[in-house]
Amino acid sequence: MGNLSRTVTILGSTGSIGVSTLSLFEESRVEVEILALTAGRNVEKLAEQALKWRPRLAVIEDETLLPVLRERLAGSGIETAAGTGAVRAAAELPAEWVMSAIVGAAGLAPTLAAARRGAIVALANKESLVCGGPGVLDVARKAGGTIIPVDSEHSAIFQVLQDPCRDKVARLILTASGGPFRTWTYEAMRAATPEQAVAHPNWSMGAKISVDSATMMNKGLEMVEASYLFATPENQIDIVVHPQSIIHSMVEYTDGSTLAQLGPPDMRSPIACAWAWPDRLSWPAAPLDLAAIGQLTFEAPDLVRFPAIAIAREALRIGGHAPAAMNAANEVAVGAFLDRRIGFLDIAGSVQDTLDRLNGGGELGDQPGGDELEAAMIIDASARRVATEVVSRLAAARAA
Ligand code: NAD
Ligand code: MG
């Protein structure tokens, strides 16, 4: 049953997770009928994937690239479309299984669109959950669909946290690789370049999540993600640095027993879990060779060099829209860092500053009306506005 055939849509097919998903389909030889593939700007890769996988529809978010997409797919019979609305419309096509692998809050509207029609949503796009809040899960539940986490930590917890003992959880323990700067001094981190920040020791990922791993804001976002997915308060979620990335996370139960999920660091494994759950997919996965790995080590995260973890805890404690605001501020700051406008340590600094300003102005407690998407988009936009100001000031000071 695990290698069952299905209709599928991949949102963000040209990114690291999108490519891993298609690679898994190929390796496992599952039969898929792809309804839509979508991408942001990588039109050449999208066209190449479309010609190989023959979806009904290929969508490029950047409208200026539609003529190129049309030209590349001319005569193929594959429909083409462009723009934010078209990405969302792709999610509305009746695919049974949708991979949500767009990066950032831009993934929220299409993720909700898929959830709202009751699809199985394989959720890699953690920012959409952090931005949209637990309401995103309710939308799926009400529609009779499911959201299955693909983030490796959450997939691990999902696999070891099954009924009937969900209420006997003492702690969720998220493992973190520590990123490329785990052993760097604070002074060295101050001068870190985008190239150094995206060079992750264990995982090959998109630029944004790679920078998030370097600041450990990735773990902060994941703490929020875990809190929402598993209805667990912040004080029951711990983080431990585990540089080998073999244990993907753990659940400690009230009887003192801790269950862990292990595997080589390959995202195709959590994607396979999201594909086949509650069954298992058969594919030529690399075996876990613990003797060759030799040692699994653990250390506490350093909150001085990685303040993002404390910021995320604070956002969860504030509750409401604070995590959504944190996410938006982080997206702005990471963009500015990748554009070399601000320094590496300015990323967490500007997120904290943005949250302080919004919290001081009482904006985080506001519960805007409307549906999940509208409410999330309001706080996302106001946090982006404040963060852009904060970042511009830092950039100007740096240029002077
Ligand atoms: P990526 O940057 O490699 O790919 C992102 C995809 O989204 C691409 O197809 C891109 O074209 C598309 N895209 C970008 N902006 C868009 C927009 N505004 N509208 C529509 N499409 C857009 O990122 P990734 O590493 O594959 O990560 C995707 C998501 O999965 C992120 O939320 C990330 O946090 C999460 N995730 C990734 C990994 C990993 O190993 N890469 C692990 C866990 C979670
Ligand atoms: Mg992760």
Side-chain angles (χ1 to χ4, degrees), residues 9-24 36-50 58-63 65 69 81-91 99-111 113 121-132 149-158 174-179 198 200 202-213 216-226 229 239 242 245 247-249 261 265-271 274 327 330-331 334-335 338 380:
T9 283
I10 303 179
L11 304 167
S13 64
T14 57
S16 159
I17 293 287
V19 167
S20 292
T21 305
L22 290 171
S23 156
L24 179 71
L37 295 178
T38 82
R41 282 201 286 262
N42 194 344
V43 69
E44 296 298 343
K45 190 159 201 163
L46 176 64
E48 183 197 308
Q49 290 178 333
V59 179
I60 189 86
E61 198 269 341
D62 184 335
E63 298 184 26
L65 296 168
L69 184 63
T84 312
V87 173
R88 187 173 170 161
M99 168 51 77
S100 164
I102 290 173
V103 60
L108 176 59
T111 300
V121 178
L123 184 73
N125 177 215
K126 65 193 90 188
E127 297 95 337
S128 64
L129 186 56
V130 175
C131 178
V150 168
D151 213 350
S152 55
E153 297 75 6
H154 307 75
S155 174
I157 293 170
F158 176 80
L174 298 176
T175 52
S177 68
V198 300
H200 196 279
N202 304 345
W203 303 92
S204 156
M205 311 181 287
K208 195 265 178 180
I209 182 175
S210 296
V211 175
D212 286 346
S213 298
M216 291 192 77
M217 178 54 91
N218 184 48
K219 221 41 60 177
L221 293 168
E222 290 183 356
M223 199 163 38
V224 177
E225 186 186 8
L229 279 171
I239 292 168
H242 165 46
S245 299
I247 295 183
H248 298 304
S249 277
Q261 185 265 341
D266 183 336
M267 288 306 293
R268 289 175 298 182
S269 170
I271 297 168
N327 175 64
N330 182 57
E331 287 191 30
V334 170
L338 287 171
D380 181 86

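Nothing fancy with the numbering, it's 1 onward along the sequence. Just so it is clear, the structure is predicted and the values come from calculations on it, not from any experiment. Read the numbers this way: they start at 1 and go in the same order the structure lists the ligands and their atoms.
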Between the protein and ligand 1, are there any N or O atom pairs that come within less than 3.5 Å of each other, and if so, what are their names and distances?
from, atom 1, to, atom 2, distance (Å)
ligand 1, 3 (O), S16, N, 2.9
ligand 1, 9 (O), G12, O, 3.3
ligand 1, 9 (O), T14, N, 3.3
ligand 1, 9 (O), T14, OG1, 2.7
ligand 1, 9 (O), G15, N, 3.1
ligand 1, 11 (O), T14, OG1, 3.2
ligand 1, 11 (O), G40, N, 2.7
ligand 1, 25 (O), G206, N, 2.8
ligand 1, 26 (O), S16, N, 3.0
ligand 1, 26 (O), I17, N, 2.9
ligand 1, 30 (O), A124, O, 3.4
ligand 1, 32 (O), N125, ND2, 3.3
ligand 1, 32 (O), E127, OE1, 2.5
ligand 1, 41 (N), S16, OG, 3.1

**Q.** Contact check, side chains of I239 and E222, non-hydrogen atoms, under 4.5 Å
**A.** no
Q: With the Mg ion (ligand 2) as the reference point, give the N/O/S atom of E222 that is nearest.
A: OE2
Q.
Could you work out, with side chain to side chain contact (heavy atoms under 4.5 Å, CB included) as the rule, every residue matching A91, not counting sequence neighbours?
A. L11, P110, A113, A114
**Q.** E48: partners by salt bridge (Lys or Arg N to Asp or Glu O under 4.0 Å), with sequence neighbours left out
**A.** none
Q.
Distance alone, cut at 3.5 Å: any donor-acceptor contact between the side chains of E61 and T84?
A. yes
**Q.** For M205 against S213, the heavy-atom pair lying closest together
**A.** CE-OG, 3.4 Å
Q. With respect to the Mg ion (ligand 2), what is the nearest N, O or S atom of D151?
A. OD1
Q: Identify, with sequence neighbours excluded, every residue that meets side chain to side chain contact (heavy atoms under 4.5 Å, CB included) alongside A105.
A: C131, N327, E331, D380, R384
Q. Can you tell me the N, O or S atom of E153 that's nearest the Mg ion (ligand 2)?
A. OE1
Q.
Side chains of N42 and T14 only: does a donor on one sit below 3.5 Å from an acceptor on the other?
A. no
